Amino acid sequence: MIPPPNVTGKLHVGHALQSSIQDLLTRWRRMQGYNALWLPGTDHAGIATQLMVERQLATEGTSRRELGRELFLDRMWQWTEQYHGNIREQLDLLGASCDWTRERFTLDAALSHAVREAFVRLYREGLITRGEYMVNWSPKLGTAVSDLEVETKTVQGKLYHVAYPVEGSDERIVIATTRPETMLGDTAVALHPEDERYTHLHGKAAILPLVGRRLPFVADAMVDREFGTGLVKITPFHDPNDFEMGKRHNLPGITVIGLDGRMTAEAGPDFAGLDRFEAREKIVQRLRDEGYLIKIEPHTHNVGHSQRSGEPIEPLVSTQWFCDMRSMADQALAAVRDGHTRLFPDSWDKTWEHWLTNIKPWCISRQLWWGHQIPAWYTEDGRCIVAHSLEEATAEAGTDRLTQDPDVLDTWFSSGHILFFWVARMVMMALHLTEDIPFRAVHLTGLVRDAEGQKMSKTKGNVMDPTELVSEYGADALRFTLASLDSPGRDIPLNRDQIAGYRAFGNKLWNATRFALSRIPAEARVRETIDPAGLAAPERWILSRLSRVAAEVDARFETFRFDEACNRLYHFFWGDFCDWYIELSKPALSGEAPRPRVGDVLLTVLDRALRLLHPVMPFLTEELWQRLPGHEAIHPETICLAPYPRREEGWEDDAAEAGMEALTQVVTRVRSLRTEMGLGPKAKLDLHINPADPSVGRVLQEQAPLSRFLARVETVALGPAPEGARRDLVAGVEIGVTMERVEKTAMSAEERGRLEKELDKLTAEIGRAEDRLSNPEFLGKAPAHVVEGGRAKLAEMRERQVALRSSLGLG
RNA sequence: AGGCCCAUAGCUCAGUUGGUUAGAGCGCUACGUUGACAUCGUAGAGGUCAGCGGUUCAAGUCCGCUUGGGCCUACCA
């Protein structure tokens, strides 16, 4: 299922990442023959969407209140339909292979029904309740918001020290506050029970300046003696802590700030109607005038801000619907602890544990119109009926004079955002309502950041638009980049150079295919399988490599290591296939040194490589695959439904790999010797190779024309290098280069220096290996294969030492 | 304040359960257009694996501390 993007939203790179990964998984499983469904859908995103339409209405000089609920909702639906197509279009652009016939919208009838069902059940079980509690109130949005929609920001504020007279004495105590406007709602002053400075105040009361209200002193251990004066004013209805303290000490509460962020009538005639921040100024002025203000200090503190609208959250007491998450959270905790649900990477287990252990009742009602209206009705005599429908409610109430609760449910009650918390809520809800685990594995990606590792944000102006990236680099390159960067537990620094690099990889696919199509014999075809018997070493080698890569990729996908899977595919295609196999195929295809079935092997490997890459690069692989002669034998229509290549054990061939590995290393070494000797590509060299392993020797002998072609030497002779040859040793093969046909003979000082340095390094390394191998502790405790490997390596280093000394004429 | 994560080449990052000359891409240097590809090829330079200590025959990898980053959670009014 797709985590629903907001219906009116534009996809951002985070969506692109999610879609790439999910589509990759879906295509992979589909090719493996699973009935893979990727369900698309969009979210009505209550607050965000309603805000946009309200903004539009404002430009028309009207408002939702003026339109009324019904007309406003019509406008919302119009807007939704207008923008809905955007999401679909953008997902198509990314290559998302969703089943669009099953697309859902969170406000669809069926989904709304499910939401009502969930609500009614949770209500009847007593988990959903209605009550007066402190909530995070956003005055600008005019609604309660959840803890997750509150962003804590560090702000430079002020600490106001205010004198409160003590009742029945001349003493004045000093209280520090960051929010003097709330003092109008003070109903007590708290002190620490063991604070010796204030023991004399127990049982007494302070008098609230400007108001004259009597504020009893209460002793509470929560008071921090170190902070301020160690005395705290208590405003139960305007501070979450004070609310708790108020309950503990049975204190009354007074609402002095209203839902609109303005002072209420209870704040008194001098302040009623003022905005909360204007009131602060005026109160401070009054305190100063009347001699209560002692001092104002600069003070840095953390203030909750509304994520959507940016203004400071006002903690207010209001009547809301709450959902008790405790038992559901316990079930979700158990699911992860028992391993029924596994998180990838498992470092998330701790966050899961922490978040669900500390979960609080969730305020699920929102004072909005756009969303699932709460299925609760009120009778005229104030009874509350929760039911699936008005009919049901009427029957239960015994009257049809009912009013439905005007509020809607938090969007997250029905769906969510692309976040960890969304998953957590789905697990909790599903476990409770269906008694089944919704997910067996949860893969969590990092956050997409910009090239500097900064979080992308509109205000920083560093957001990348996926559709723009797609048109610049192609969807395949973007997908490949995102998948390769998705390493567990790490954020994803996205930069354009990298995408450009993977675009080049796409180009490589294209060119390799072009080579194959233009050079293979007419009868060559993609084969369902190929019997390696009768094939030469290069063909057996590439088939063997292909099988191993298929096995590795499969294993990486299983554990969500898309980065490693992509890496393997990249190197197989570019390194093994293009750099080596295509080069190796040239002398065979040109007729210079024919080998059996090279065309078939070339096409078959290409076919499988494209299929392996298809989940990551769907567009290009389909395009190229369709052009391969014989691809219909794999699937008549599309690569999407062709089987995902698996390991072919019959293709794996250690001998061919060892032989070809030696061949490629010899070729590489000869090329670098040529450079080191300061010779140009046209200098005519003769190569002598002397392999230690007879089976490697056989491959090198049979494929001598390849060494000649790739190393660009005149002749290749098997056997020890003659006197005076430049010698070296790689992969157990002694090589010697002679240059009788070249004018130059003397070794340059630079070359000699380099060679001597190399020899020194080697000698030092041999010394270390000798020490290790003569250490009885190492021999006694290290496993046999490590000791054996060490000995073999030492032997080879010694041989190489001989070869290098010989090159330097040190005999 | 508590918790979590990170520190490896100029940059961005890999590095499986410890196994002995630490890898890739980009960037950089030199050379190169022989019909897949200059969005390329060939060869190369570049690293005290943040620091200190410990465990071990063996540490980039495990443990502790320090420093420097990042993230999340928190009721210092």
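The figures that follow rest on heavy atoms only: side chains count, while hydrogens, waters and symmetry mates do not. Keep in mind the model is a prediction, meaning the values are calculated, not measured. Naming: A, B, ... by sequence-line order, numbering from 1 per chain.
- Checked by atom type, the side-chain pair Asp242(A)/His238(A) shows no donor-acceptor distance below 3.5 Å.
- Scanning atom types as modelled, no donor and acceptor separated by under 3.5 angstrom connect the side chain of Arg671(A) and the base of U42(B).
- OP1 or OP2 of G41(B) has at least one side-chain nitrogen or oxygen of Trp574(A) nearer than 4.0 Å.
- Remark: Lys360(A) is not in phosphate contact with U73(B), judged by side-chain N or O atoms under 4.0 Å from OP1 or OP2.
- Ion pairing between Asp195(A) and Arg225(A) fails under the 4.0 Å rule for side-chain N and carboxylate O.
- Between Lys586(A) atom NZ and G41(B) atom P there is a gap of 11 Å when expressed in whole angstrom units.
- In terms of phosphate contacts, Arg561(A) brings a side-chain nitrogen or oxygen within less than 4.0 Å of OP1 or OP2 of G15(B).
- Ranking C13(B), A77(B), G35(B) by closeness to the Pro493(A) side chain, first place goes to C13(B).
- Judged by closest nucleotide on RNA chain B, Lys761(A) is the one of Lys761(A) and Asn775(A) placed further toward the 5' end.
- Comparing the P positions of A14(B) and A9(B) gives a spacing of 12 Å, expressed to the nearest Å.
- Residue Lys793(A) has a polar side-chain atom (N or O) positioned under 4.0 Å from OP1 or OP2 of U21(B).
- Looking at heavy-atom distances under 4.0 Å, Pro783(A) makes contact with a base.
- Across all strands shown, Ser672(A) has heavy atoms under 4.0 Å from sugar-phosphate atoms exclusively, and none from any base.
- Figure legend. C62(B) is base-paired to G54(B); pairs are counted as Watson-Crick or G-U wobble with both atom distances under 3.5 Å.
- If you run ring pair (Phe, Tyr, Trp, His ring centres under 6.0 Å) between Phe480(A) and each of Phe505(A), Phe573(A), Phe619(A), only Phe505(A) comes through.
- Summary of the strand contacts: Cys578(A) and Glu777(A) both lie near RNA chain B, and taking for each the nucleotide with the nearest heavy atom, the more 5' one is attributed to Cys578(A).
- Residue Ile175(A) is classed as having no contact, given no heavy-atom separation below 4.0 Å to the nucleic acid.
- Base engagement by Asp224(A) is indicated by at least one non-hydrogen atom pair under 4.0 Å involving a base atom.
- Pairing of U73(B), defined by two Watson-Crick or G-U wobble distances under 3.5 Å, is identified with A1(B).
- At a threshold of 4.0 angstrom between heavy atoms, the contacts of Glu583(A) include nucleobase atoms, whether or not backbone atoms are also involved.
- Pairing of U20(B), defined by two Watson-Crick or G-U wobble distances under 3.5 Å, is not identified with any nucleotide.
- If you check every strand for non-hydrogen atoms under 4.0 Å, Thr668(A) touches sugar and phosphate atoms only.
- Taking the six-membered ring where the residue is Trp, Phe562(A) and Phe560(A) present perpendicular rings, their angle passing 60° and hence far from 30°.
- Between the CD1 atom of Ile499(A) and the P atom of U39(B) there is a distance of 19 Å, rounded to whole Å.
- Residue His299(A) places at least one side-chain N or O under 4.0 Å from the OP1 or OP2 atom of A77(B).
- A donor-acceptor pair under 3.5 Å is absent between the side-chain atoms of Arg280(A) and the main chain of Arg179(A), judged by distance alone.
- Across all strands, His785(A) comes closer than 4.0 Å to no nucleic acid atom at all (heavy-atom distances).
- Within 3.5 Å, no donor on the side chain of Glu564(A) pairs with an acceptor on the base of A24(B), nor the reverse.
- Summarising the base pairing, A43(B) is matched to U29(B) through a Watson-Crick or G-U wobble pair whose two defining distances lie under 3.5 Å.
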### Message
Does Tyr502(A) form a side-chain hydrogen bond (donor to acceptor under 3.5 Å, both in side chains) with Asp476(A)? I'd like the steps, not just the answer.
### Response
CA-CA 8 Å; Tyr502(A) 290 119; Asp476(A) 288 343; over 6 Å; no

